[in-house]
Amino acid sequence: MNRRFLPTVAAVLCAITFGATNVLALQDGLARTPPMGFNTWNYFGCRNASRRVDENMIKQIADAFISKGMAEVGYEYVNIDDCWAQGTRDARGGLAADPQYFPNGMRAIADYVHSKGLKFGLYTDVGTSTCATCYGTGGLPGMLNHEQQDCDTFVAWGVDYLKIDFCCHDNRPAVQQYTKVRDCLRAAVTRMKDKVPDAHPIVYSICNWGEQEPWKWGDTVGHLWRTTRDISNQYGSQMDNLDKNTPLWPYARIGAWNDPDMLEVGYGDFATNYARARTHFALWCMSAAPLLAGNDIRSMSTQIQEILINKDAIDINQDTLGGDTTMGIIQGRKVVSGNSEVWVKLLKGQTSSEYAVMLFNRSNNSPVTISVTTDQIKSIGGDMKNGNKYEVRDVWGKRDLEDWTAGGTFTSPEPVGVNDVFMARLKIPPVKVISQYTCVNVCPMDVQSEGERIVIRSKTTGPMGIRIVNLKGEVAYSNQMIAPLDYSISTKGMARGMYVVDVINGMEQFRQKIYLK
Ligand code: GLA
């Protein structure tokens, strides 16, 4: 098919599937994985005397990203939420930071955050006032009727991430207001280029709490959209948000994320109940949700820190399916409901798929053993076939369990505690290259393990014979062909153990031993 028409055909197919007319996520290279960082709102709130948000505090938060190991595992956005602004606009009608809290202004903070290798996020509102100050008099200014000027300001301040709320919006349709801001943010990058050497596009977080179905239009407007009302630090609120977000999996794709709100891990019901803290984090990871810590990361306990920086869990959240931008395959799904929930998320891609499996004891009763069938795992797609062998990584136990073979059921190794999860990654075992001991003129030739395949890369094409023999001399694979430069052989069905790979090209021969795990 003519390549020029492929995007159009894909768009039409998606439109038919999802009933949407706007189907292409923003292709600006931003938010290719769910954004990770911190936001002030959940714990620090608005002008709380004992939980002050000011220049020093934000700098300390940026420092904590480094000292607590958060930056190392991918947290990058240091985001200030509502209540940073001065009540009145400046003489030219521009936004200004409240000098009582931010005496050196926002650019100074952005510079500090950037100097740590991190990114800086800020909050505003499409209406006349921000949400915390919308009712009554003396509200903090929103963007309405100042859109371009404010967009220019955010670009000039070096903002990398902007959360935009929906209070005091004067009954304007959300899609209209949010699109206006998308366009002014784009224009601002061009308008400010001469004055601001580092003018750059901004990650755009739409925050209208799931009103007016942002999942149906958000992908062409911003990079993520809230699907729910505000989360609180109560377990019930977290589960409510989760349940509203879960059925929206068809709308998520790379660069366009459902946002069930920021994390409460380390706060309220999730401060010392580590089962719930783990579960909250695990559910957000399975849901490909943004991971924005909402606790005071400067003083969090080691237990909470270990939850937030669990690399195996974060890898599940950040997996890009090998760059596949198809809608509806990247967000994990609940495949079994009830007291014992089962969630599955496709990883790495639709071929050579790995899977994250989460077994969740939602009940408040007692620990239970939870199982999932191969068919339930396979129901989300990918290329799992009965007989395929997977290594099992226990995400929270931080250990490798016995391999699992598709076809049977997958069961938690121990009963899962109340409100706790067992979470595992089903990994494709690597093919291990042991040694290369014969190589005549065809070298260099490269034999590699890539998922459940052996890939042979040669210098030249030409007639070639390939034989793979186990140590008993039994031939596991044999073929003669005009070999392409890259030749790939499936190892499915080959038993674990040592093999010898022979590649014969005319009078030349290459031999390598490999171990199939
Ligand atoms: C709204 C948003 C919250 C927070 C507050 C700030 O309620 O949904 O996440 O930003 O406004 O006022």
Side-chain angles (χ1 to χ4, degrees), residues 34-48 51-54 57-58 61 77-87 95 97-98 101-102 106 120-144 150 154 159 161-170 174 177-178 181 202-215 218 222-234 237-238 240-242 244-245 248 257-268 270 280 284 289-296:
M36 293 176 65
F38 160 88
N39 175 290
T40 52
W41 184 253
N42 285 358
Y43 180 76
F44 295 89
C46 180
R47 311 238 160 129
N48 177 333
R51 298 179 185 179
R52 200 176 146 93
V53 176
D54 61 18
M57 172 269 183
I58 294 295
I61 292 282
Y77 294 102
V78 179
N79 294 355
I80 304 178
D81 208 278
D82 200 353
C83 304
W84 57 266
Q86 177 176 277
L95 288 171
D98 190 319
Y101 301 92
F102 301 101
M106 283 303 166
F120 177 55
L122 212 48
Y123 163 101
T124 186
D125 190 289
V126 287
T128 51
S129 295
T130 70
C131 276
T133 64
C134 175
Y135 306 101
T137 51
L140 302 177
M143 299 179 90
L144 194 68
D150 291 354
F154 293 127
V159 170
Y161 182 112
L162 198 57
K163 169 177 169 183
I164 309 197
D165 226 333
F166 193 54
C167 284
C168 282
H169 54 65
D170 247 359
Q177 273 312 101
Y178 280 100
V181 174
I202 291 176
V203 172
Y204 183 3
S205 155
I206 297 168
C207 178
N208 69 326
W209 329 297
E211 284 184 8
Q212 304 178 31
E213 302 182 307
W215 43 89
H223 301 97
L224 60 157
W225 51 85
R226 279 273 296 278
T227 54
T228 66
R229 302 208 71 79
D230 290 9
I231 196 168
S232 81
N233 62 15
Q234 306 295 299
S237 149
Q238 180 248 278
D240 268 3
N241 277 22
L242 176 83
K244 293 204 172 80
N245 193 68
L248 299 172
W257 309 103
N258 287 312
D259 173 8
D261 209 355
M262 301 164 298
L263 295 166
E264 296 280 3
V265 173
Y267 188 31
F270 311 94
H280 177 13
W284 262 233
L291 299 177
L292 294 168
N295 58 321
D296 187 348

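Bear in mind the structure is a predicted one, so any value in this text is a computation, not a measurement. Ligands are counted one by one from 1 in listed order, and the atoms in each one are counted from 1 as well.
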Which of the atoms in ligand 1, numbered in the order shown and given with their element, are less than 4.0 Å from a heavy-atom of Lys163? 3 (C), 4 (C), 9 (O), 10 (O)
Contact between Val159 and Met106 at the side-chain level, heavy atoms closer than 4.5 Å - yes or no? no
May I ask you to check if ligand 1 and Asp81 share an N or O to N or O distance below 3.5 Å? yes
For atom 12 (O) of ligand 1, grab the closest protein heavy atom and report residue, atom and distance to one decimal in Å. Asp82 OD2, 2.7 Å
Using atom types as modelled and distance alone, determine if a side-chain donor or acceptor of Arg47 lies under 3.5 Å from a backbone N or O of Cys83. yes
Sub-4.0 Å atoms of ligand 1 with respect to non-hydrogen atoms of Asp165: 1 (C), 2 (C), 5 (C), 10 (O), 11 (O)
Which protein heavy atom lies closest to atom 3 (C) of ligand 1, and at what distance to 0.1 Å? Asp230 OD2, 3.4 Å
Using side-chain contact (heavy atoms from CB on, under 4.5 Å) as the criterion, list what pairs up with Asn233, not counting sequence neighbours. Glu264, Tyr267
Looking only at distances, can you tell me whether any N or O atom of Cys131, backbone or side chain, sits closer than 3.5 Å to an N or O atom of ligand 1? no
Do any nitrogen or oxygen atoms of Arg226 lie less than 3.5 angstrom from nitrogen or oxygen atoms of ligand 1? yes
Within the 4.0 Å heavy-atom cut-off, what Cys167 brings close to ligand 1 is neither
Which part of Arg229 is near ligand 1, with near meaning a heavy atom under 4.0 Å away: side chain, backbone, both or neither? neither
Sequence neighbours left out, what passes side-chain contact (heavy atoms from CB on, under 4.5 Å) with Cys167? Give chain and number order. Asp125, Cys131, Cys134, Trp209
